[in-house]
Amino acid sequence: MSYVAPLSEISFLLRSVAPLEDLCRLEAYAHTDAETALAVVEEGAKIARDVIAPLNAGADEIGARLIDGRVVAPPGFREAYAKLSADGWTSLAVPADFGGQALPQLVNTIAAEMFAGASVAFQMALLTGSPAAKVIAAHGNEAQKAAWLPKIASGEAAATIVITEPQAGSDVGLIRTKAELRADGSWSISGTKIFISQGDHDLTDQIVHVVLARTPNGAPGSRGLSLFLVPKRLDDGTANGVRAMRLEHKMGLAGSPTCEMMFDNAVGTIVGREGDGLRNLFAMMNAMRLDVAAQGVGVASAALRKAFVYVHERRQGSIGKNGPAAIVEHPDVRRMLIQMRAWTDGLRALLYTAAWWEDQALAGADENIRKDAAGLVGWFLPLLKAGGSEAAFTVSSQSLQLHGGHGYVRDHGVEQLVRDSRVFAIYEGANAIQANDLVMRKLGSDGGAVYRRFRDMALAEIKAADARVADVAGNLAAAVNALERASTYLLERIGATDAFAAAPLYLQLSINVAVGWMWLRMAQAEDDASRLLHARWFAAHILPETDLLAMRIEKGAAFVAETSAADFQPW
Ligand SMILES: Cc1cc2nc3c(=O)[nH]c(=O)nc-3n(C[C@H](O)[C@H](O)[C@H](O)COP(=O)(O)OP(=O)(O)OC[C@H]3O[C@@H](n4cnc5c(N)ncnc54)[C@H](O)[C@@H]3O)c2cc1C
């Protein structure tokens, strides 16, 4: 599969929407400058195109395999992983004290987008390293930091996130894996985990598993969970009591092993305090949600480019008296292309904006800025995780449609994008869980203060918009009104059935407003006819949906409360 990163779009965003220069002025990033950081991005684009993308179709054909109890990565993955770690791609966002490059999170996010666009299956091997480093840096003790952060930075150790069990999916409070204190102060972990990405592989000799487990005295539910680091190999190099029992046969991502894992008295160390496991793990899960959004934008972008290439090559149907025209001449094809680009580029702008605020949350000049930024990132995350995952699947499916039967067969690699991206809406918190998070935790926190901060930022830019983008600003103002109506309605019902039923509608409404805001910002930033056209399309076609969504929230969600499980019996 070929992949070309949208470098001119990326550098536009880093100039005008999520200014890299501002980040490089922060003390934590003073060791770099925008030019150097941009050079890293350009180098990443080459790696994505030349090293990662060529592996993608083969990985899909052959997949990861379990041979004699050991997981073997698809051909070429080992060499590519070794090159990427030697070249520093595993250390981008790791603190400098521990051998990392301490570059802005924004750069890390762009690398994730490009690598996922080239091959999601390969990028899964890199996905967990930086988020694991985050949770260890935030909540680990000095020994854990010293033991693991340099190894994650150098790529010597890979990482996993180990939550899911057969009976505990979205509801982590049902986790049964046990952790018992040993005489030497370490912990003994036992239980079965399922669906663990990269649970075992031969890309590295060492893997650090970040595991949620239940201690004997733990409270019931999620408050009784604690977090542990469980190495694949013990200090003396012998195997710890953890292994992959089987690999899942999946719809996509064949090149990324999804493992059932057995923990049998595996030795681990606790991260933070007993009972704080889930709270602490959010440092990792939040980083991964941003990465899943980056996967979404990467795949949507790869699918969009394939469509942009194909619609000029394929000739079908006459336009006027001329013979078969390139299909790009057909109005419906152009309509689809506008829609695909409007979502892809709009969500990329939102992704970079969130990563920019994440950098402010980590390294902002003072406590107030960091707190404010963390609130905004918390608001953006469910929008991005859900919006990015939906866009990846929708845009790749539309790209497949534009390829016709040639998209349904394997030759162009578009059907692989559809299959590979379907899981984005499921893992790292299914999108329904993102909706609940947005309404119950983000909107509901501080009586809607974070929501109002988001709203007021959008309103300020609407107010400052110039005449050239007046129609975009006008429709966005109406959409913000719809969001305000829905927010007021839901704030009075936090925790009620009505609010849970409406949460996915509210999530979609918020995504529409946030992406509309990004289009206003992009259209306003530079005079670019094509960008203005897409901004106006989004304002005319998507933003009016917010009114309908607000109405459904106010009127429609209540119907759900009137149903019972008996209404949904199989015939
Ligand atoms: C390819 C792949 C890789 C994965 N990698 C990892 C990994 O590395 N580590 C790991 O720990 N796990 C991993 N997972 C597991 C993944 O995180 C879970 O599949 C996900 O959390 C959903 O859990 P579940 O599959 O049990 O679905 P369930 O929790 O059974 O949910 C099924 C559906 O029910 C609905 N639903 C459930 N609860 C609610 C609710 N409260 N409100 C509204 N609707 C709800 C939603 O529509 C949801 O999609 C992976 C899964 C896959 C497929």
Side-chain angles (χ1 to χ4, degrees), residues 59-60 63-64 71 116 120-121 123-129 131-132 135 158-177 191-201 207-213 221-222 225 227-228 230 242 244 246-261 263 277-278 281-282 284-285 287-289 291-292 295 382 385-386 389-390 392-393 419-441 495-507 557 560 565 568:
D60 189 42
V71 178
V120 188
Q123 189 255 352
M124 292 291 286
L126 303 171
L127 182 72
T128 17
V135 74
T160 63
I161 182 165
V162 185
I163 305 171
T164 309
E165 298 181 7
Q167 77 296 342
S170 304
D171 187 354
V172 298
L174 299 175
I175 283 176
R176 288 189 201 136
T177 293
T192 300
K193 296 281 186 178
I194 60 165
F195 294 167
I196 305 307
S197 296
Q198 308 293 133
D200 190 30
H201 53 74
I207 301 174
V208 56
H209 301 290
V210 181
V211 185
L212 265 188
S222 58
L225 298 174
L227 196 61
F228 300 90
V230 180
V242 49
R246 60 182 287 267
L247 301 190
E248 303 295 343
H249 297 281
K250 312 191 289 294
M251 171 180 179
L253 290 188
S256 169
T258 307
C259 308
E260 179 181 322
M261 307 287 296
F263 289 77
L278 186 59
L281 189 59
F282 266 101
M284 183 166 187
M285 289 196 294
M288 291 194 62
R289 286 175 184 180
D291 281 342
V292 174
Q295 289 185 323
K385 194 288 179 174
S389 56
E390 292 293 344
F393 186 66
R419 286 185 289 108
D420 284 355
S421 63
R422 184 59 185 87
V423 73
F424 300 169
I426 296 171
Y427 64 24
E428 223 14 85
N431 284 0
I433 303 302
Q434 304 299 324
N436 291 347
D437 175 57
L438 180 69
V439 172
M440 306 307 155
R441 291 187 59 231
T497 307
D498 203 11
F500 279 107
L505 303 172
Y506 184 78
L507 175 62
V560 172
F568 309 111

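Counting begins at 1 with the first residue of the sequence. Atoms within each ligand, like the ligands themselves, are counted from 1 in listed order.
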Distance-minimising heavy-atom pair for Ala121 and Leu253: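 Looks like N-CD2, 3.8 Å.
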Minimal non-hydrogen separation, Thr160 against Gln198, with atom names: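 For Thr160 versus Gln198, the nearest heavy atoms are CG2-O, 3.3 Å.
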Just which atoms of ligand 1 are under 4.0 Å from any heavy atom in [X]?
X      : result
Ile196 : 7 (C), 8 (O), 9 (N), 10 (C), 11 (O)
Lys250 : 1 (C)
Val423 : 1 (C), 2 (C), 52 (C), 53 (C)
Ile161 : 7 (C), 8 (O), 9 (N), 10 (C), 11 (O)
Ile426 : 19 (O), 20 (C)

Residue and atom name of the nearest protein heavy atom (relative to atom 48 (C) of ligand 1), distance in Å to one decimal: Ala430 CB, 4.1 Å
So which bit of [X] gets within less than 4.0 Å of ligand 1, heavy atoms only: side chain, backbone, both or neither?
X      : result
Thr164 : both
Ile433 : side chain
Leu253 : neither
Ala432 : side chain

Is there a polar contact between ligand 1 and [X], counting only N or O atoms under 3.5 Å apart?
X      : result
Phe195 : yes
Asn436 : yes
Gly429 : no
Tyr427 : no
Ile163 : yes

Donor-acceptor contact below 3.5 Å, side chain Lys385 vs main chain Gly429: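 A pair under 3.5 Å: yes.
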Verify atom 39 (C) of ligand 1: protein non-hydrogen atom under 4.0 angstrom away: yes
Test side chain to side chain contact (heavy atoms under 4.5 Å, CB included) applied to Leu212 and Thr177, Thr164, Ile163, the passing residue: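 With Leu212 as partner, Thr177, Thr164, Ile163 yield a single side chain to side chain contact (heavy atoms under 4.5 Å, CB included), made by Ile163.
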